[in-house]
Each structure stands twice: as C-alpha cells, then as structure tokens.
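One structure is given below, encoded as structure tokens.
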Amino acid sequence: MELTSVIATTGSSFGFFRLVNAGVRELPTPESAHRNVWKWRNISTSFVHSFITAIWAVLCFFLHPEMAEDLIETHSVFSHALVSFSIGYFIYDFFDMVLNQKLSQSWELLFHHVVVITCFGLSVLSCRYVGFSVVALLVEINSVFLHLRQMLRMAGIAAGTLYRVNSMINLGTYVVFRINTLAWMTRWLVLNRENVPLLAYTLGSVGMAIMTAMNIVLFYRLLRSDFLKSSTRETKKDKDKDIKPIAGRRRDLPISHTVQFLAPVVLKCRSGSLMFSGPKASMGLKLLLLKLQNI
C-alpha cells in the first residue's frame, strides 16, 4: 500500500469510530451507567473495534497462511489494511481519552496507545513486520470478552450466569491470546535478532516489555476481582449462616428462664439517696427483658 492509501485507511478508521461513538450515544444507556455515560460509550466503541479486528486478524492468517512463515517481509494488502485500520482506532481512542478523562486516570492506556501507534506506524510505513503486527492484534480476541465484562459491570449485571461465563472465557482467552501471544512474540524477536535492524529491535523489545508488565498487572486484577473476591464473599456468607442460628437461639430463650437465672442476683442502683434491690430489681429486669424482646 502506498502512503496515500495508508493515510486514507487510517483517516477512514478514525472517522468510522467517531460515527460508532455517536451511534452508541443514540442508543439506550443502562440506568447504572448514567453515572459515567462517556465511559459507557468509550467501552462500547472499543468493543466494536475488538470484534472487527479479532475476526480480521484470524482471516489474515487463514487467507494467507504463508504470512505465518515470514512475519517480516510477507504480507497481503488485506493484512496491511488491518494494521492501518487499527492505527486509526488507537489515534481516535487516544484523543477521546485526552479530551474526556483526567490524565491521572488514563495515563496507562495513553502510554499503551503511543507505543502501539509508534510500532504499527513503523510497520505500515516500511511495509515490514506487518505479519508481526497482525500477530499482536490477535490479542483483540480476548479484548472482546474484556470489554464485554466492563459493559456488564456498568450495566449492573455482575452477579448473573452471563457474567460468570464471560469471566471464565475472558480469563482463558487472556492466557492464550495475551500472555502466550506476547511470550511467543518476545521469543520470536530474540531468535530473529540478526534479521531485525537495531532501531526496530529496540523499539520492539521495549514495547514487548511494557506490554508484558501491563498485562501481568491486569491479569492479577481480573483474577482478584472475578474469582478471589467472589470466593472470599462466599466463605463469609457461610460463616454468617453458622453464626445466625446461634444468635437466634439466644434471642428465642423464654423470658421466664432468663428472669429465673437473674432473679437471685441482687441489683443495686444508686442515684443520689435512692437504692433498689431484691423484688423491685427482679420486676425491673422482667420489664426490661420484655422491651428487649420486642425490639
């Protein structure tokens, strides 16, 4: 693809995702997502990108399997267009976050987008490493379920069967298409060190290191949020069930038994020169316990 084609594809992608975002704005928004409508639209737009890119990346290798044998030089117009299309999305999402979110909340993703745009930009402009970039886009298979998870949580559906099933698929695809893919790409980069120029090797190595660190942190957060915390809550519920019947039996004791137990005790209450003891104390206890039982 020529430079004009790259610019046209990237620009069209940028405009397409602006239209997607505008279209999501016209659709009904869940009541629980009204607290942050911008985030709902942003995640929905990202979901559309992941869905399109995941299918597109798989088709690239299915239609042109020879690209898997040479990730440096071999590529098709179809795969080159995919990388340009993704650059347009990442540029759009970068500006969307800069204009609508605080830097302290989005700096990680902004940094991620800068790294991706730089690496993909080098690939499409030099017409090399396009296959390597398409491999990187296979992580979008997991992003489909990752974005769906966020949408379900924002819609208030974080406890149903759909959410649990999506969580398990999300974790499985995370390991296969994120962690394993990044590990394979790092290994490929090391093995092909002699075939990769110093600038590209350095850029790729730094990019892989950053992506690996970010993905390990995100994996831990997902595991803690969807599985470790849920198991902790279930354990707490089981303990509460064991405690409540005991408390209930204590409250259900007849008043007469309680009074008989406390009656022999001499109760003294001093207030100035007044003193109460014996039968009056027992009568006071009985009235007090009657009131407590009615609470």
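Atoms considered below: every heavy atom in the structure, side chains included; atoms not considered: hydrogens, waters and symmetry mates. Every value quoted in this text rests on a predicted model; they were computed, and no experiment measured them. All residue numbers refer to positions in the sequence shown, counting from 1.
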* Asked: Relative to each other, are the rings of Phe85 and Trp56 parallel, tilted or perpendicular (30° and 60° limits)?
  ->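 Tilted.
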* Looking at CG of Asn215 and NE2 of His112, how far apart are the two atoms once the value is rounded to the nearest 0.5 Å? ->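 Output value for this atom pair is 7.5 Å.
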* Asked: In Å, rounded to the nearest 0.5 Å, how long is the span from CG of Leu152 to OG of Ser167?
  ->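 Reported to 0.5 Å precision, the distance equals 8.0 Å.
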* Counting only heavy atoms not in Trp107, do more than 12 sit closer than 6.0 Å to its CH2 atom? ->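 No - once you tally the heavy atoms of other residues, nucleotides and ligands closer than 6.0 Å, there are 12 at most.
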* Just wondering, are more than 12 heavy atoms of other shown residues or ligands nearer than 6.0 Å to CZ in Phe78? ->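 More than 12 within 6.0 Å, yes.
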Same cluster for [X] and [Y] if Ile/Leu/Val/Met/Phe/Trp/Tyr side chains link at under 4.5 Å?
{"X": "Trp188", "Y": "Leu122", "answer": "no"}
{"X": "Ile52", "Y": "Tyr89", "answer": "yes"}
{"X": "Val58", "Y": "Val139", "answer": "no"}

* **With Thr45 via side-chain contact (heavy atoms from CB on, under 4.5 Å) - residues at least two apart** =>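 Partners of Thr45 by the side-chain contact (heavy atoms from CB on, under 4.5 Å) criterion, ordered by chain and then number, come out as Phe17, Val20, Asn21, Tyr92.
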* Please answer whether the main-chain N or O of Asn142 pairs with a side-chain N or O of Thr173 as donor and acceptor at a distance below 3.5 Å. =>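 No; judged by distance alone, with no hydrogens or angles, the pair does not exist.
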* Asked: Do side-chain atoms of Asn100 reach the backbone of Asp96 as a donor and acceptor pair under 3.5 angstrom?
  ->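 Yes, Asn100 side chain to Asp96 backbone: donor-acceptor pair under 3.5 Å.
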Under 3.5 Å, is there a donor on one side chain and an acceptor on the other for [X] and [Y]?
{"X": "His49", "Y": "Thr53", "answer": "yes"}
{"X": "Asn170", "Y": "Arg149", "answer": "no"}
{"X": "Asn192", "Y": "Tyr201", "answer": "no"}

* Asked: Mind checking whether Ile72 and Phe132 have side chains closer than 4.5 Å, heavy atoms only?
  ->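 Heavy-atom side-chain distance check fails, nothing below 4.5 Å.
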* Asked: Of all residues at least two apart in sequence or in a different chain, which pass the salt bridge (Lys or Arg N to Asp or Glu O under 4.0 Å) check with Arg41?
  ->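 If we apply the salt bridge (Lys or Arg N to Asp or Glu O under 4.0 Å) test to Arg41, skipping adjacent residues, there are no hits.
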* To do: Can you sort out the partners of Glu73 under salt bridge (Lys or Arg N to Asp or Glu O under 4.0 Å), two or more places apart, ordered by chain and number?
  =>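 Only Arg128 meet the salt bridge (Lys or Arg N to Asp or Glu O under 4.0 Å) criterion with Glu73.
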